[in-house]
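Each ligand, and each atom within it, is numbered from 1 in the order the structure gives.
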Amino acid sequence: MNNSPIRSNYLQVLEQIAQAALSARRPADHVKLVVVTKGHPVEAVQEAVEAGVSIFGENYAEEGSEKVITLREKPGLEWHMIGHIQSRKARLVSEYFDWVHSLDSLKLASRLNHFAVESGRVMPVLLECNVSGEESKFGWAAWQEHRWESLLEEFAQVAALPGLKVSGLMTMAPYLQDVEQARPYFRRLRCLRDYLAQQLPGVNWQELSMGISADFVVAVQEGATMVRIGTAILGARPHLR
Ligand SMILES: *Cc1c(COP(=O)(O)O)cnc(C)c1O
């Protein structure tokens, strides 16, 4: 392993989250840090565990589940799926992950629900929303406020599935030179959340998973309750498989 200063990076990011929360008059303990380990070997995850990290994010079902299995002995780790899930990987995800941030269709919801019910558990999920309109992004189309109403029926159907516990929303902002330009997208996700809380009040819309290494300070200022950070803590990713 290289000498990547995972521990000091981790502490520095925690401090930056606290500062960003303070600047927005939010309590820092309302922001959960998900450390994204995709593309990094299990040794890096182990080093992060030793540094005090307990919440990890992975993008690929196989890579993630291998790490879950390898680190089974470590108590108290939480694994969050944050990448697009192909239908045929739904079983793997439901078996090995504690959270799904990247729920992006009713079809995937019903697959995940099926496996969750089968194994007698309830999977907390976030609905991924595309608030930028970029075609490369997954998620429900949510960049036009006047179309938000058209989301309600599917979201209500997802929320009614007994094996899933809808807990909020997730998004990726566009990659922009100036992070300030990401602010309107985070704000839009927060407004969507407030709209859903009004329209579908029986559902828990509390969590907002938004913000990565490049833009998490702005995301926290705009109300993120979960940030997903890889590079700023683990360094550049070695090659993805
Ligand atoms: C890779 C990834 C991240 C982390 O990105 P960094 O720039 O390494 O912080 C966060 N969210 C998603 C969905 C990702 O795919």
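- Near ligand 1, residues V36, K38, N59, I82, M172, I212, S213, R228, I229, G230, T231, R237 each place a heavy atom inside the 4.0 Å sphere around the ligand atoms.
- With values rounded to the nearest 0.5 angstrom, L164 atom CG is found 8.5 Å from L108 atom CG.
- For residues 148-161, the pairs satisfying side chain to side chain donor-acceptor pair (under 3.5 Å) are W140-E154, with sequence neighbours left out.
- Within the structure, the side chain to side chain donor-acceptor pair (under 3.5 Å) test picks out the following pairs touching residues 92-105 (sequence neighbours left out): H80-H101, H84-D104, H101-S209.
- The environment of NZ in K32 is crowded: more than 12 heavy-atom neighbours from other residues, nucleotides or ligands sit within 6.0 Å.
- Legend: residues meeting side-chain contact (heavy atoms from CB on, under 4.5 Å) with Q144, ordered by chain and number and at least two apart, are H146, R147.
- Side-chain contact between Y185 and T171: absent, with no pair of heavy atoms (C-beta onward) separated by less than 4.5 Å.
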